[in-house]
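Shown next, in structure tokens, is the structure this report addresses.
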Number of protein chains: 2
Amino acid sequence: MADSPSPSGSPDSPLADADLLRLDHQVCFSLHAASRAFGAVYRDALKDLGLTYPQYLVMLVLWEDGPLPVKSIGERLRLDSGTLSPLLKRLEAAGLVRRVRSAEDERSVGVHLTDAGAALRERALPVPRRMLAATGLELSELRTLRALLSRVTRTLDEA
Amino acid sequence: MADSPSPSGSPDSPLADADLLRLDHQVCFSLHAASRAFGAVYRDALKDLGLTYPQYLVMLVLWEDGPLPVKSIGERLRLDSGTLSPLLKRLEAAGLVRRVRSAEDERSVGVHLTDAGAALRERALPVPRRMLAATGLELSELRTLRALLSRVTRTLDEA
DNA sequence: CGGCAATGAGTTGTGTGCAACTTAGTTGTG
DNA sequence: CACAACTAAGTTGCACACAACTCATTGCCG
């Protein structure tokens, strides 16, 4: 993963196919690898709470915005029911969440925090600081990273 | 995913826990989401080749550096044998790869491209350009992104 | 009103990703 | 040489992630 500068001339000149190929798979692989590296550190940080990283993301959404239908959680986290249904079932089995069929629209299921689920927030508070420290990035770099990633995701989703 | 600026004052001042929490999960979630968004576009681009994205990464390594033991592939892709063994078995079943037990060290298994595996490279060549275009990023931004991600991964792996 | 497309959740099947373990082969040390 | 420590692959079990599907409910349109 060393920084191998392109062999082809000046900074932003048109690149040869071979260089493009290398840059592409460096970027995509870096993304893939970074995502999994984060996962590993989160796994460790969340071990005591009994949460996986995707479960933690769902809890974050619920801690911030109270009871939500499965659909809305899926929109925020970019996840479909095929992923969320079993995940929420596990959170319910762990006693952190309740699922309530909506009265107005019986297709919809609202996800509510239990007392235990709400209480877990306190124990989760130190996690972000620990994660940010583990990245070793400056705040400005984090913001750059977030902005680039958000933009890429938006663009890719349109295609 | 809107850019919600921190409510707490100046650019890089110490942030409150609540802001940190938000920034943390914005960064980590962005990474997670971007990785999956890439996966979706790759899935489409690789459909015709009959490869998944992780399988494509393995093929890229083999196309670049010829026959390699499973161990080396794992080091480059940051994957362990638990992931690689079944993946390689599928590539072998697809006729793209052969696994050969090493004679010098019988613990080691070398992964070799078959003729079909080597030939597949031609059909994979247009994929990177298509992916880079789909990101909508400038070359300089791609380089920034790659550099940041590589650094974060390295730092996280040390922890 | 009746029927039919659209919607929300859930299920099934495949493919990662990783921890924990097993198996077989190798190396270092007394 | 013997034997413990180590190493490379593979296996097992669990939890995503997503495509493709089912099922029930809702909304719309003639």
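In the text below, chain A, chain B and the rest are named by the order of the sequence lines, each starting its count at 1.
Of the side-chain N and O atoms in A/Arg99, one or more sit less than 4.0 angstrom from OP1 or OP2 of C/dG10. Side-chain N/O atoms of A/Arg78 include one lying less than 4.0 angstrom from OP1 or OP2 on D/dC18. Phosphate proximity of D/dA17 to A/Thr83: absent, as no side-chain N or O sits under 4.0 Å from OP1 or OP2.
If you check every strand for non-hydrogen atoms under 4.0 Å, B/Glu75 touches nothing. Counting any heavy atom pair closer than 4.0 Å across all strands shown, B/Leu84 reaches no nucleic acid atom. When heavy atoms are screened at a 4.0 angstrom cut-off, A/Ser85 is found touching base atoms of the nucleic acid.
To the nearest angstrom, P of D/dC14 lies 19 Å from NZ of A/Lys47.
Across all strands shown, C/dG30 forms a Watson-Crick or G-U wobble pair with D/dC1, both key distances being under 3.5 Å.
Between A/Tyr53 and B/His32, the ring centre distance stays below 6.0 Å.
Mapping A/Gly82 and A/Glu104 onto DNA chain D by nearest heavy atom places A/Gly82 closer to the 5' end of the strand.
Of all nucleotides listed (C/dG17, C/dG25, C/dT11), C/dG17 comes nearest to the side chain of B/Leu79. Among D/dT7, C/dC18, D/dA9, the nucleotide with an atom closest to any side-chain atom of B/Asp80 is C/dC18.
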